[in-house]
Amino acid sequence: QVQLVESGGGLVTAGKSLRLSCAHSGRTFSSYNMAWFRQAPGKEREFVAAISWSGRHTYYADSVKGRFTISRDNAENTLWLQMNSLKPEDTAVYYCAADSSLWTTDYNPRAVWYDHWGQGTQVTVSS
């Protein structure tokens with residue numbers, strides 16, 4: 001049974017940074033490509049960033065490119081999202097997700113069916 005547990009959310013002012021963590025337990029962490037999604041009140045869930053099982057490949061939404069960094073440590077079974085220069089529009093519940101499919105050249109992390117999801121962590125950015 002795979003479990004994903006997010007942490008690190010909180011309330012910050014615009015321009016500050018936060019680092020989210022996603023702790024994985026169960027099946028081997030390196031079996032999964034991982035991603036972060038977010039959902040703001042009244043809005044649909046949106047893709048934020050993804051990383052291949054090896055960490056070699058990353059993919060970002062345009063809205064966070066250059067500000068957010070996704071990373072992982074397979075030995076620590078942990079995924080991170082470093083969020084810098086936060087904006088009020090980054091306010092949302094952030095979720096990590098795990099996908100067991102192959103990361104091929106045409107892999108689209110926005111469109112895959114994720115096998116497992118965490119419960120989410122709230123990020124609030126005040127202006």
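With no hydrogens or angles considered, no side-chain donor-acceptor pair links Y59 and N33 at under 3.5 Å.
Remark: Q82 CD is packed, more than 12 non-hydrogen atoms of other residues, nucleotides or ligands lying under 6.0 Å away. Sparse packing is recorded around CH2 of W53, with 12 or fewer heavy atoms of other residues, nucleotides or ligands lying under 6.0 Å away.
Considering every non-hydrogen atom in both W117 and R45, the closest pair reads CH2-CZ, 3.4 Å. Listed here is the closest heavy atom pair of V112 and S101: CG1-OG, 4.4 Å. Looking at every heavy atom in both residues, W80 comes nearest to S21 through CD1-OG, 3.2 Å. When all heavy atoms are compared, the tightest approach of C96 to L79 is CB-CD2, 3.9 Å. Shown here for R67 and S63, the closest heavy-atom pair between the two residues is NH2-O, 2.9 Å. A pairwise comparison of heavy atoms in V125 and T13 identifies CG1-C, 4.0 Å as the closest pair.
Ring-centre distance between H57 and Y107: not below the 6.0 Å cut-off.
Considering CD of E46 and CD of E44, their distance stands at 10.0 Å, rounded to 0.5 Å. In this structure, OG in S52 is found 11.0 Å from CG in D99, a value given to the nearest 0.5 Å. With rounding to the nearest 0.5 angstrom, the CD atom of Q1 is 7.5 Å from the NE2 atom of H116. L81 contributes atom CG, which lies 7.5 Å from atom OH of Y60 (distance to the nearest 0.5 angstrom). Expressed to the nearest 0.5 Å, how far OG1 of T69 lies from CG of N84 amounts to 6.5 Å.
W103 and V2 fall into different hydrophobic clusters, where Ile, Leu, Val, Met, Phe, Trp and Tyr side chains are chained together by heavy-atom contacts under 4.5 Å. Hydrophobic clustering (side-chain heavy atoms under 4.5 Å, transitive across Ile, Leu, Val, Met, Phe, Trp, Tyr) keeps L4 apart from V93. Cluster annotation: Y114 and M34 are assigned to distinct hydrophobic clusters (Ile/Leu/Val/Met/Phe/Trp/Tyr, side-chain heavy-atom contacts under 4.5 Å, transitive). Both I70 and V123 belong to a single network of hydrophobic side chains, linked directly or stepwise wherever heavy atoms of I, L, V, M, F, W or Y lie under 4.5 Å apart. Hydrophobic clustering, with ILVMFWY side chains joined whenever heavy atoms are under 4.5 angstrom apart, keeps Y95 apart from V48.
T58 contributes no side-chain N or O that, together with a main-chain N or O of I51, makes up a donor-acceptor pair within less than 3.5 Å. Within the 3.5 Å criterion, the main-chain N or O of F29 finds a donor-acceptor partner in the side chain of R72. In this structure a side-chain-to-backbone donor-acceptor pair under 3.5 Å is present from E6 to Q119.
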message: One pair to check against salt bridge (Lys or Arg N to Asp or Glu O under 4.0 Å): D90 and K87. What are the steps and the verdict?
response: CA-CA 5 Å; D90 295 319; K87 304 175 181 180; over 6 Å; no
field: Steps toward ring pair (Phe, Tyr, Trp, His ring centres under 6.0 Å) verdict (F68, W36)
entry: CA-CA 11 Å; F68 290 10; W36 289 97; 9.9 Å; no
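Of the residues listed (V64, T124, T91, L18), the one engaging L86 in a side chain to side chain contact (heavy atoms under 4.5 Å, CB included) is L18, and it is the only one.
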